[in-house]
Protein chains: 2
Amino acid sequence: MVTKQQLNDLPPDADLRRVDSLAREIFSDVANKWALLIIEALGEGTLRFSELRGEVEGISHKMLTQNLRMLERNGLVDRTVYPTVPPRVEYTLTEPGRALRATVDAICEWTQQYLGRIEDARGRFDG
Amino acid sequence: MVTKQQLNDLPPDADLRRVDSLAREIFSDVANKWALLIIEALGEGTLRFSELRGEVEGISHKMLTQNLRMLERNGLVDRTVYPTVPPRVEYTLTEPGRALRATVDAICEWTQQYLGRIEDARGRFDG
DNA sequence: CCGAATCCGCACAGATACTG
DNA sequence: CAGTATCTGTGCGGATTCGG
């Protein structure tokens, strides 16, 4: 998780721990169901809050706003407000966000690919 | 989450919904912090329960067993018990598990790559 | 339409103790 | 050492309300 270059740049102990704990924090933010589903839903496009709510099946108003704030804070989504009435807010992935989306895609493909095997494994385990 | 090819293979309505809900279920199982960290920790090797607990920083006894059961149920980890005394239990990734690990690796690399930009974004957002 | 704030139940997660 | 069980509290997550 740490490159040689960084090892040269950093006074070893304290800062290395800082980087790792920051990485863990980001990982914890990102490795949760709703965040990943939102990122997947945004895809290449731009969606309004209400559209997003329709795309991410089962998400509540609150969870959507919370996760959108979190993603915005980490610079994974851009939030643009059109000060019309009624207001209009659009969300779109930033470049870091799109990069992460590629990995989410991989997880989705993995799910599809192993769907059958997993179902079988469950059957064996449960029975 | 469903490819065009699969759309051709499947009788349309009911079964498609079944597949999707199953996929969502699997996604929810897998897209959580502890599960992904356990998979990452197992890597290519074989670890005992206690070793695993040391590797996955901050996980509790209970969360580790719960997630291991879940991963075993889905066929992502193999669990082998050596009936010695004291007992010895070893965990290792199955092929589906290793395939998933590749995507977890991708997330970790993503984290490292964008660490700085994310930290900056946070600074801007918070300040 | 979007989002902040509040209330509240329930499930998750930690701590502890006990069995094989 | 590994796993289960029970208890407890905290915090997640849903429903609702109000404000911009």
Side-chain angles (χ1 to χ4, degrees), chain A residues 24-42 45-93 125-126, chain B residues 21 24-39 41-42 45-74 76-93 124-126:
Chain A
R24 277 294 290 267
E25 212 180 306
I26 295 169
F27 191 90
S28 297
D29 270 2
V30 147
N32 87 63
K33 180 172 106 164
W34 291 132
L36 295 183
L37 287 174
I38 290 170
I39 288 170
E40 186 65 9
L42 276 175
T46 295
L47 290 177
R48 304 181 56 172
F49 183 86
S50 44
E51 292 169 335
L52 214 33
R53 219 194 142 172
E55 289 296 317
V56 181
E57 172 117 358
I59 196 169
S60 70
H61 190 103
K62 186 184 180 182
M63 284 302 101
L64 183 54
T65 40
Q66 274 188 9
N67 279 277
L68 282 172
R69 284 299 152 283
M70 180 273 286
L71 292 173
E72 188 192 355
R73 180 170 115 90
N74 289 317
L76 304 195
V77 302
D78 267 340
R79 176 174 179 268
T80 43
V81 182
Y82 299 91
T84 61
V85 45
R88 174 187 186 85
V89 183
E90 291 186 344
Y91 295 92
T92 180
L93 291 179
F125 188 94
D126 295 342
Chain B
S21 88
R24 277 293 289 268
E25 212 180 306
I26 295 170
F27 191 89
S28 297
D29 269 3
V30 146
N32 88 62
K33 180 171 109 165
W34 291 132
L36 295 182
L37 287 173
I38 290 170
I39 288 170
L42 275 175
T46 295
L47 290 177
R48 305 182 54 172
F49 183 87
S50 45
E51 292 169 335
L52 213 34
R53 217 192 144 175
E55 290 295 317
V56 181
E57 173 116 357
I59 197 170
S60 71
H61 188 101
K62 187 183 180 182
M63 284 303 100
L64 184 53
T65 40
Q66 276 189 9
N67 279 276
L68 282 173
R69 283 300 152 278
M70 181 273 286
L71 293 172
E72 188 192 356
R73 180 170 116 89
N74 289 316
L76 304 195
V77 302
D78 267 340
R79 176 174 179 269
T80 41
V81 182
Y82 299 90
T84 61
V85 44
R88 175 186 187 85
V89 182
E90 291 186 342
Y91 294 92
T92 179
L93 291 179
R124 264 176 275 117
F125 188 93
D126 295 340

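To find a chain, count down the sequence lines: A is the first, B the second, and so on, and within it residues start at 1. This structure is a prediction, so every number in the text was calculated from the model and none was measured.
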> Is there any salt bridge (Lys or Arg N to Asp or Glu O under 4.0 Å) pair reaching into residues 79-91 of chain B, and which pairs are they, with sequence neighbours excluded?
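Output for this query lists B:Arg88-B:Glu90.
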> With A:Phe27, which residues qualify under ring-ring contact (aromatic ring centres under 6.0 Å, His included), at least two apart?
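With sequence neighbours excluded, A:Phe27 shows a ring-ring contact (aromatic ring centres under 6.0 Å, His included) to no residue whatsoever.
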> B:Arg48 or A:Met63: which one's nearest nucleotide on DNA chain D is closer to the 5' end?
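Its nucleotide being nearer the 5' end, the pick is B:Arg48.
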> I'd like to check B:Leu42 versus B:Thr92 (side-chain heavy atoms, cut-off strictly below 4.5 Å). Are they in contact?
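In short, these two side chains do not touch, never coming nearer than 4.5 Å.
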> Going 5' to 3' on DNA chain C, which nucleotide is the first and which the last to come under 4.0 Å of a heavy atom in chain B?
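On DNA chain C, the outermost contacted nucleotides are C:dA13 to C:dG20.
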> Just how far is it from atom CG of A:Leu36 to atom CG of A:Asn67, taken to the nearest 0.5 Å?
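Interatomic distance, A:Leu36 CG to A:Asn67 CG, rounded to 0.5 Å: 9.5 Å.
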> Show the nearest heavy-atom pair for residues B:Trp34 and B:Asn32, with the distance to one decimal.
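What the structure gives for the nearest pair is N-OD1, 3.0 Å.
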> Where along residues 51-62 of chain B does a heavy atom fall under 4.0 Å from DNA chain C?
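Correct list: B:Ser60, B:Lys62.
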> Just how far is it from atom CE of B:Met63 to atom NZ of B:Lys33, taken to the nearest 0.5 Å?
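It is 11.0 Å, given to the nearest 0.5 Å.
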> Taking heavy atoms of chain A and a 4.0 Å limit, find me the 5'-most and 3'-most nucleotide of DNA chain D within that range.
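So the outermost contacting nucleotides come out as D:dG13 to D:dG20.
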> Near DNA chain C, counting only heavy atoms under 4.0 Å, which residues of residues 71-93 of chain A show up?
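Contacts with DNA chain C under 4.0 Å: A:Arg79, A:Pro86, A:Pro87, A:Val89, A:Tyr91.
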> Give the table of side-chain donor-acceptor pairs shorter than 3.5 Å for residues 45-59 of chain A, with sequence neighbours excluded, one pair per line with atom names and distance.
unit_1	atom_1	unit_2	atom_2	d
A:Glu51	OE1	A:Arg48	N	2.7

> Compile the donor-acceptor pairs under 3.5 Å between side chains in residues 69-77 of chain A and protein atoms, sequence neighbours left out, one pair per line.
unit_1	atom_1	unit_2	atom_2	d
A:Arg73	NH1	B:Asp126	OD1	3.0
A:Arg73	NH1	B:Asp126	OD2	2.4
A:Asn74	OD1	B:Arg122	NE	2.6
A:Asn74	OD1	B:Arg122	NH2	3.2
A:Asn74	ND2	A:Asp29	OD2	3.0
A:Asn74	ND2	A:Met70	O	3.2

> State the CD1-CZ distance between A:Ile26 and A:Arg24, to the nearest 0.5 angstrom.
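A:Ile26 CD1 to A:Arg24 CZ: 12.5 Å, rounded to 0.5 Å.
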> If you fit an axis to the five pairs at each end of the helix from C:dC1-D:dG20 to C:dG20-D:dC1, how big is the angle between those two axes, to 10 degrees?
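Between the axes fitted at each end of the helix from C:dC1-D:dG20 to C:dG20-D:dC1 lies an angle of 40°.
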